[in-house]
Amino acid sequence: MTQALDQAATLAKTWLEGLDERKVNSTASLETLRSRFSGPLPANGEEPVTVVQTLARDMQDGLLGSAGGRFFAWVIGGGLEAALAADWLVSTWDQNAALYACGPAAAVVEEQAGIWLKELFDLPRDASFAFTTGCQLAHMTSLAAARHAVLKADGWDVEENGLIGAPDLKVLVNDQKHGSIRQAVNFLGLGQSSLVQLKTDSTGRVLTSELEQALSEHKGPKILVLNAADLNIGAFDDYRTLIPMAKNAGAWVHIDGAFGLFARTSAKYSHLANGLELADSWATDGHKWLNVPFDCGVAIIRDQAAHKAAMTIAADYIAPAGAARDQIDWNPEWSRRARGVPVYAALKQLGRSGIEDMIDRCCAHCQAIVRGIGALDNAHVVFDPQLNQGLVRFARPGDTGEEGDLYTKEIMSRINATGEAFFSDTVWQGRRAMRVSVVNCRTNESDVTRAVEAAQWALQMDKVECVS
Ligand SMILES: Cc1ncc(COP(=O)(O)O)c(C=O)c1O
């Protein structure tokens, strides 16, 4: 019964122990991967241990080293040891974390994890919360509560009547928003035409004049979505100015804090996120900066009644104090995994001080990578990180903007092909740049050095090519 599990544990440990040495990029091609896994549906079964062994063998060179410290692409955290181990147990216990009755301990642990997160982020202690699959679903959950509340204030019951004939609801958004906001708006039936883009200044903050104008133009129900660290430069909006303006106009304010909410855990960086506690809802991720395994997002919502009305069929029922918390009342799914349990384990492993230390280390490493690469010939710092996100561009003297864009892509591909470090790119202010994101608890000084050396090597290839 446990042979396959023993095998999986051994394979997992070998994988983790090899992360520092293994190439961080995938080396198997799409054709190779397809050829390994395609074929007819097996007519007969195999021994579980054989299934696990061959699966791991055939997947290995098609995996990215994103769990390790040399992965700086997108915004992808690693896995703290206690969180990963707890995640294994969650699968093993296989509780349906929809109801207290289906998994009493899982419900209580998730409840405590939510309480701790509100404390960690210093958000209203009486807010409700939900552990979702990711920040995208945390946005959807929060915006569903927002949709309920602002339409109710206009005399419309959206859960009962849907949106046909509803008052015209507008979603005012920072124009540097993440794509997951657009998706959430679509899922909620509001459509892209409900979005009103608010222009930002050169530091990624919504211009006050833009919000002023949007509020005066849209007298009906509205939601304002602000950033707590946008994906390119980690920009934070001016909450103390914008949130009171929006609230005075009757808007619900939602914060995309996928990773930026964690700035509030650090004495060094919390000033960036001052004032966001004035909002109505916040979405963040466990699988980014808290370093719990995928999948884990969190929605925190000030108005419990609106949250519950949007998520549960017993819309106006609030559990009496002291009663168990049924996750189904707060989550968009029915059956679900107890993804709050690894969060509990992560918070226990690190404590407040460990989290602050992890946040500060990631930021320092990001700054060192951006400055280290930016100091190389033909490399340019586009954005020096104020948190854990920075931008670098590669361009030779005399390159046009387009040539610089292509060269940036080329150098980044060369770096990634070394297997020493892995980055992703973006377009920021109209120009391509390589993005440096550090959210992995494993990243250390040696990883920083290896990333800078890989960039140096990639840039020097030009000189080698010229000589030959
Ligand atoms: C700023 C921001 N918001 C939202 C998301 C979506 O998060 P998730 O992928 O967990 O749904 C991301 C993902 O990278 C992000 O960077």
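All ligand and atom numbering here is 1-based and tracks the order in the structure.
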Quick one: does any side-chain atom of [X] pair with a main-chain N or O of [Y] as donor and acceptor, under 3.5 Å?
X	Y	answer
W116	E111	no
R432	L406	no
H380	A395	yes

message = Quick check: C135 and ligand 1, any N/O pair under 3.5 Å apart?
response = yes
ask   = Polar-atom distance check: H287 versus ligand 1, any N or O pair below 3.5 Å?
value = yes
Suppose we measure from [atom] to each protein heavy atom; which comes out shortest, and what is that distance?
atom	answer
atom 12 (C) of ligand 1	H178 NE2, 3.2 Å
atom 3 (N) of ligand 1	D256 OD2, 2.8 Å
atom 11 (O) of ligand 1	Q136 N, 2.8 Å
atom 4 (C) of ligand 1	S180 OG, 3.2 Å
atom 9 (O) of ligand 1	K288 NZ, 3.7 Å

task = Taking only heavy atoms of D285 into account, list the atoms of ligand 1 that are under 4.0 Å away from them.
result =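 That gives atoms 7 (O), 8 (P), 10 (O) of ligand 1.
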ask   = With a cut-off of 4.0 Å, which atoms of ligand 1 are near a heavy atom of G134?
value =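 The list of qualifying atoms is 10 (O), 11 (O).
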query = Should F262 and F121 be marked as a ring pair (Phe, Tyr, Trp, His ring centres under 6.0 Å) after you check the CA-CA gap, both sets of side-chain angles, and the distance that decides it?
reply = CA-CA 7 Å; F262 284 83; F121 298 133; 5.0 Å; yes
request  = Specify whether F422 and W74 have parallel, tilted or perpendicular ring planes, treating 30° as the upper limit for parallel and 60° as the lower limit for perpendicular.
outcome  =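 Tilted: the ring planes of F422 and W74 meet at 30° to 60°.
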query = Could R147 and W252 be counted as a cation-pi pair, given that NZ or CZ must be under 6.0 Å from the ring centre and within 45° of the axis?
reply =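 No cation-pi geometry.
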remark   = Separation between CZ (R339) and CG (D87), nearest 0.5 Å, reads 10.0 Å
